[in-house]
Number of protein chains: 2
Amino acid sequence: MADPLADRLGYLLKHAQQSFAEAGAHALAPLGITGRQLAVLAVLGDAEPLSQLAAAGRLGVDRTTMVQLVDELEDKGLVERRRSPEDRRKNIVELTPLGQDTLRRGNEIHQASEERFLADLTPVETELFIRILRRLNGIDDEPAEPVSP
Amino acid sequence: MADPLADRLGYLLKHAQQSFAEAGAHALAPLGITGRQLAVLAVLGDAEPLSQLAAAGRLGVDRTTMVQLVDELEDKGLVERRRSPEDRRKNIVELTPLGQDTLRRGNEIHQASEERFLADLTPVETELFIRILRRLNGIDDEPAEPVSP
DNA sequence: TATTGTTATACTCTATAACTATA
DNA sequence: TATAGTTATAGAGTATAACAATA
């Protein structure tokens with residue numbers, strides 16, 4: 001292999017991430033959102049409503065970036081800000097019905113895109129690959145399911 | 001797992017890449033170069049001398065970006081441009097002795113950084129992980145070594 | 001005083017367009 | 001005319017600093 005970069009972990013990770021992101025962006029284009037915006041919707045639509053700062057923490061961005069992310073989604077009519085009654089410094093950000101629908105459809109598209117990206121792998125390879133990535137990200141795997149008696 | 005991003009391939013790839021890049025940047029800091037600059041040195045120092053455009057192709061950047069990358073390395077005294085005698089439009093970029101030494105030491109640091117990053121994996125997992133990444137990047141694995149007779 | 005959201009600003013990375021010189 | 005390198009410029013993406021409202 002003549003390419004001196006081909007074995008570099010950083011190169012492999014970066015380009016895998018880039019080509020997956022490009023494929024995802026292309027797949028999501030009909031919905032009018034980016035992969036990043038889908039991730040924001042996923043965080044905001046996950047469980048109980050979040051403040052901007054709380055959502056920023058989940059996404060790993062700072063609060064000024066979060067302002068812009070929420071701006072974009074609000075401009076598209078996908079989320080709404082409202083002042084928290086308990087702490088009027090906070091904006092609670094909630095998905096609109098359109099946002100919820102977009103999240104649902106985006107998730108389906110993302111899932112299909114992920115499957116296409118991993119299509120060349122065997123099921124065993126796919127599972128191991130995801131598990132390793134989780135481990136490298138410091139996400140503990142759930143304990144092995146208890147063997148049914 | 002409450003985190004709605006934790007299972008997303010894009011999130012896992014992006015954050016794995018980022019934390020590895022950060023670790024690498026930290027490890028390379030004593031050499032005074034970034035991971036990106038080490039990659040450029042690796043391409044330029046690999047085999048026969050390359051023009052800027054040829055190197056840009058290997059790195060997957062465009063020629064204007066390559067100008068800046070070479071500028072940075074030239075400012076540090078790690079590479080030198082010279083006009084190609086065969087085609088005076090081309091700059092042949094070669095590593096200086098300092099550049100060669102920096103590449104060698106950078107490779108050692110990079111290798112150690114990679115090993116630390118993957119330290120939690122078993123050797124089998126490590127090999128499979130790299131192989132899968134190569135496959136996802138469209139890099140053909142060399143054919144299985146012929147079984148010794 | 002500290003926290004949340006916001007704005008203005010700047011910095012990095014990268015690409016596009018236009019220019020120079022060479023072919 | 002086309003190609004290689006360069007420059008100026010612009011566009012994402014992100015962060016820092018300062019400010020207003022609220023605690």
Side-chain angles (χ1 to χ4, degrees), chain A residues 10-11 13-15 17-22 24-26 28-29 32-40 43-44 49-76 79-94, chain B residues 10-11 13-15 17-19 21-22 24-26 28-29 33-40 43-44 48-75 79-94:
Chain A
Y11 177 90
L13 280 173
K14 183 172 181 180
H15 280 75
Q17 191 263 321
Q18 279 182 346
S19 65
F20 179 64
E22 275 168 32
H26 187 263
L28 285 172
I33 61 172
T34 65
R36 175 164 203 75
Q37 289 168 338
L38 178 60
V40 180
V43 165
L44 293 174
L50 295 175
S51 73
Q52 287 186 199
L53 197 64
R58 303 263 185 115
L59 286 163
V61 300
D62 85 342
R63 61 202 171 126
T64 69
T65 303
M66 196 68 214
V67 171
Q68 294 181 224
L69 293 173
V70 175
D71 280 348
E72 295 167 9
L73 296 176
E74 199 170 40
D75 288 347
K76 292 178 192 292
V79 303
E80 279 177 356
R81 290 168 159 109
R82 59 178 179 82
R83 286 286 174 198
S84 165
E86 291 100 38
D87 184 341
R88 291 180 42 73
R89 293 173 301 185
K90 293 184 179 175
N91 278 344
I92 302 304
V93 188
E94 284 177 314
Chain B
Y11 177 90
L13 280 173
K14 183 172 182 180
H15 281 76
Q17 191 263 321
Q18 280 183 343
S19 64
E22 276 168 31
H26 187 262
L28 286 172
I33 60 171
T34 65
R36 177 166 202 74
Q37 288 168 339
L38 177 60
V40 179
V43 164
L44 293 173
E48 79 287 356
L50 295 175
S51 72
Q52 288 186 198
L53 197 63
R58 301 261 186 118
L59 286 163
V61 301
D62 84 342
R63 60 201 173 127
T64 71
T65 301
M66 195 69 213
V67 172
Q68 295 182 222
L69 293 173
V70 175
D71 281 348
E72 295 166 8
L73 296 176
E74 199 170 41
D75 288 347
V79 304
E80 279 177 356
R81 291 168 158 108
R82 58 178 180 81
R83 287 286 174 197
S84 165
E86 291 101 38
D87 183 342
R88 292 181 40 74
R89 293 172 302 183
K90 294 185 180 176
N91 278 347
I92 303 303
V93 187
E94 284 178 313

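Order of the sequence lines sets the chain letters (A, B, ...), proteins ahead of strands, with each chain counted from 1. Nothing here was measured: the structure is a model prediction, and the numbers come from that model.
The side chain of A:R36 contributes an N or O atom lying less than 4.0 Å from OP1 or OP2 of D:dT14. Side-chain N/O atoms of A:T65 include one lying less than 4.0 angstrom from OP1 or OP2 on D:dA15. For A:R88 and D:dT22, the shortest distance from a side-chain N or O to OP1 or OP2 is below 4.0 Å. Phosphate proximity of C:dT7 to A:Q68: absent, as no side-chain N or O sits under 4.0 Å from OP1 or OP2.
The CD-C1' distance, from A:Q52 to D:dA21, rounds to 14 Å in whole Å. Rounded to an integer number of Å, the gap from CE of B:M66 to P of C:dT14 is 12 Å. In this structure, A:R89 atom CZ and C:dA2 atom P are separated by 12 Å, rounded to whole Å. Rounded to whole Å, the distance from CD on B:E74 to C1' on D:dT6 is 13 Å. Atom pair B:R81:CZ and D:dG5:P shows a separation of 9 Å (rounding to whole Å applied). Across the protein-nucleic acid pair, B:E86 atom CD and D:dA4 atom P stand 14 Å apart, rounded to whole Å. Across the protein-nucleic acid pair, A:L53 atom CG and C:dT4 atom P stand 5 Å apart, rounded to whole Å. Distance B:R63 CZ to C:dA21 C1': 13 Å, rounded to the nearest Å.
B:L73 places a side-chain heavy atom less than 4.5 Å from the side chain of B:Q37. A heavy-atom distance below 4.5 Å is not found between the side chains of B:Q18 and A:L13. No side-chain heavy atom of B:K90 sits under 4.5 Å from any side-chain heavy atom of B:L53. A heavy-atom distance below 4.5 Å is not found between the side chains of B:Q68 and B:T65.
Comparing C:dT16, D:dT16, C:dG5 by their nearest atom to the side chain of A:T64 picks out D:dT16. You'll find that the side chain of A:R83 is closest to C:dG5, out of D:dT6, C:dG5, D:dA23.
Residue A:D62 is the one, among A:P85 and A:D62, whose nearest nucleotide of DNA chain D lies closer to the 5' end (criterion: closest heavy atom). When each of A:S84 and B:D87 is assigned the nucleotide of DNA chain D with its nearest heavy atom, B:D87 is the one assigned upstream, toward the 5' end.
Note: A:E72 CD to A:R36 CZ = 8.5 Å, rounded to the nearest 0.5 Å.
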